[in-house]
**Student:** 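Can you read through this structure? Questions will come right after.
Predicted, not measured: the structure shown is a model, and the values here were computed from it.
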Amino acid sequence: MLLSEVSTTSTLFQLIPWIVFFPAIGLLINIIFGGRMSEKAIGAVASLASGLAFGIAVLMAIGLAQNHGEPVVVPFLEWIHIGDLQLDWTFRVDTLSNVMTLAVTLVGTLIHIYAIGYMHEDVRHQGDPGRYRRFFVFLNLFIVMMMILVTGDSYAMLFVGWEGVGLCSYLLIGFWYDKGEGGIGNALAAKKAFVANRVGDFGFLVAMFLTFWAFGSLDFANVFEKAPEIAQTMPGVVLAITLFMLLGVTGKSAQIPLYVWLPDAMAGPTPVSALIHAATMVTAGVYLVARSAPIFVQLPQAQNTVAMVGGLTALFAATIAVGQFDIKKVLAYSTISQLGFMVAAVGMGAFVAGMFHLVTHAFFKALLFLSAGSVIQGMERGEHHVAHHQQDDLHAARRKKKQKEAHTFDPQDMRNMGGLRTKMPVTFWVYLTGAVALAGVPPLAGFWSKDEILLEASHLNMPVYILLTLAAILTAFYMGRQIFMVFFGETRTAPAEHAEESPPVMTIPLIILAILAFFGGALNLPGLHTFEHWLEHTFMAFEVELEALPFSIPVATLSTILALASITGAWALYGRKPLQKKQPDPLRKLGWLFTGMENKWWVDEIYWFLILDRYVDLAWFLADEVDWRFWHDWFHEKVILATFNSLSRLLALRVDLGGIDRIANGLADGTQALAACMRRLQTGFVRNYALSVFVGVVVIIGYLMFR
């Protein structure tokens, strides 16, 4: 059945616009009335708005189940009609968009609730409580844009949401824009994310232009139905479309070579890292490939390219995560790596496996980021406790430079932690759950989704399977390393010794996410394939075949053994003999290898040298050589000014003085000469005048007579 022929009269489906309107209403309430509301009321309004959007997503799931999974389109507003180009705001309700809306709004609502407690302390720690309301306005705006992205029925509406979440990312990364290194570090991180994403967005735009040129439409139904025919007649154009889409994916989903913005995005508050840069926005690229499956399956070379980019990113980012000491940076590079798993999966054609991992990853990575935020604030509370007691002897503290030490203390550095297992027990257990899920240990959610990707890769693309397996080994190791460094052993600093557990408003969402991370694999258990059967309604509508591979004991056993071996290796290095205060990391024995991982393989420095420094050099060349020396000194001075002066001299001396003035002076001289001659006739004697009259009369009479 064609989507254009599907009835949209169902009252249930007519509610879909409210999935955008509810969070929009929430942000408007906080903008207009938030100045007179308490922090709890502001957070409650924002959380309720996101929760109501989740309720709409649940209703859509019920409606789809009643509709036997058949996709439905709901026209809403006319937008742009120019010739053959017709762009309308139409909502698409199918099982793929429903998976995204359920995941985003569920995790988003839990993060909103968590942020009520987190931001209460964060705005005071940063010294600006007035920004509390702004944070929740931005958070609701992000939900609005993400809902537009995943519910649009065309690439145009998808792009509107795509740009919207990019804007929200910029606003939230730079939320503390006046903080960071030199007072501008966070602002620079936001700018870096914005610029990197604009490069990817350029690719997406070109892909859309080519799509409209080749297909004559940007609506999903029209494009996907024509995909086999256009791929046969214009394979080069379709290949270009997929590759430019891949460029967009590398920007939004932080893949090689545009992944460099995501680690710096950790400058934003931790709820931002969890919501945007772990669970939702960065998965937009994965969603784009999955949504465009009818196009990608036409060209195996495009699929192989996407899969290889994902595989290389997964391994490369995992190596960097091993060498990081910032608790959020480890998770940031882990996110890049796990996004590589998803991109590799949808690139290979394992769309269900990629989307399954997207959902489970949203559970356990949001859990890990929020738990990391709990750890950071626990450390900050410990730091405040130490600073408070130091006030009793302020002068002695200054003499001992304790204030300077407190000022330079980094609550995110894992080397400053240790022993938090007993200080923050709830945070420890939920963090451990998320770490084990990410490591891929059964029966937690990460095992089932990661194993499904590895199984598909072992059948479809062996090089990618090897890359992902190596990445999975490193994933288990760096998560084990993080757990042992943060929670085990003795406390290595005074703030860690006095760290305190987070309040229930933060820990309750963590517990819920931990439950989802533990049991989330039940969504697509082998033999049942509930998740696959749900998604096949969307993919089969455009003849994209999904093949459920049987559970492979060898693949699962191997991945489990490797994960457990990696965790054991982490225990041998960091758990058996926990790090002591100021003890160097055991991996430094690897020499240049660990140095490379710690310094992120100097990719940022290479980018600075090859691109940014050259851009600066070009800017200086254009400013100094072209603009100043050539344009100002030579062209302005030698060409424009010299020409003006020469022309001025020509006009002044030759034309004005030599021509116009000479004529005027000649007229004056002639007038003076005539006046001198005429003046001689003015003698003053009457007889002369009478004689002149007589002569004149004689002349006239003589003239008349002779005539």
**Student:** Identify, with sequence neighbours excluded, every residue that meets side chain to side chain donor-acceptor pair (under 3.5 Å) alongside S334.
**Tutor:**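 Applying side chain to side chain donor-acceptor pair (under 3.5 Å) to S334 gives K365, Y478.
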**Student:** W18 vs F22 aromatic rings, parallel, tilted or perpendicular, using cut-offs 30° and 60°?
**Tutor:**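 Ring orientation, 0 to 90° scale: tilted.
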**Student:** Sequence neighbours excluded, which residues qualify as side-chain contact (heavy atoms from CB on, under 4.5 Å) partners of A61?
**Tutor:**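 A61: side-chain contact (heavy atoms from CB on, under 4.5 Å) contacts with N98, L102, W534.
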**Student:** Just say parallel, tilted or perpendicular for the rings of Y155 and F204, cut-offs at 30° and 60°.
**Tutor:**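 Ring orientation of Y155 relative to F204: perpendicular.
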**Student:** Judged by modelled atom types alone, do H120 and E39 share a side-chain donor-acceptor pair under 3.5 Å?
**Tutor:**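 On atom types as modelled, these side chains qualify, holding a pair under 3.5 Å.
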**Student:** Locate the shortest heavy-atom distance separating T109 from T105; write the atom from each residue and the value.
**Tutor:**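 Residues T109 and T105, closest heavy atoms: OG1-O, 2.6 Å.
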**Student:** Under the side-chain contact (heavy atoms from CB on, under 4.5 Å) test, which residues partner V289, sequence neighbours left out?
**Tutor:**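 V289 satisfies side-chain contact (heavy atoms from CB on, under 4.5 Å) with V249, F296, V346 only.
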**Student:** Where do F135 and A115 come nearest, in terms of heavy atoms and distance?
**Tutor:**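 Taking every non-hydrogen atom into account, CE2-CB, 3.8 Å.
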**Student:** Return the set of residues passing side-chain contact (heavy atoms from CB on, under 4.5 Å) with Y170 (not counting sequence neighbours), or none when no residue passes.
**Tutor:**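 side-chain contact (heavy atoms from CB on, under 4.5 Å) list for Y170, sorted by chain: A190, F194.
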**Student:** With a 3.5 Å cut-off and sequence neighbours excluded, list the donor-acceptor pairs that the side chains of residues 256-265 form with protein atoms.
**Tutor:**
unit_1, atom_1, unit_2, atom_2, d
W261, NE1, G251, O, 2.8
W261, NE1, L258, O, 3.4
D264, OD2, K192, NZ, 3.0

**Student:** Please determine, by modelled atom types, if W448 and N524 share a side-chain donor-acceptor pair under 3.5 angstrom.
**Tutor:**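 N524 and W448 do not have a side-chain donor-acceptor pair below 3.5 Å.
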**Student:** List in chain and number order the residues that pass side-chain contact (heavy atoms from CB on, under 4.5 Å) with W213, two or more places apart in sequence or in another chain; answer none if no residue qualifies.
**Tutor:**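 Once residues adjacent in sequence are excluded, the partners of W213 under the side-chain contact (heavy atoms from CB on, under 4.5 Å) criterion are L210, M234, V237.
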**Student:** Would you call the rings of F341 and H357 parallel, tilted or perpendicular, taking 30° and 60° as the class edges?
**Tutor:**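 Ring orientation, 0 to 90° scale: tilted.
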**Student:** Fit a plane to each ring of Y114 and Y118, take the angle between them on a 0 to 90° scale, and name the class: parallel (under 30°), tilted (30 to 60°) or perpendicular (over 60°).
**Tutor:**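 Y114 vs Y118 ring planes: parallel.
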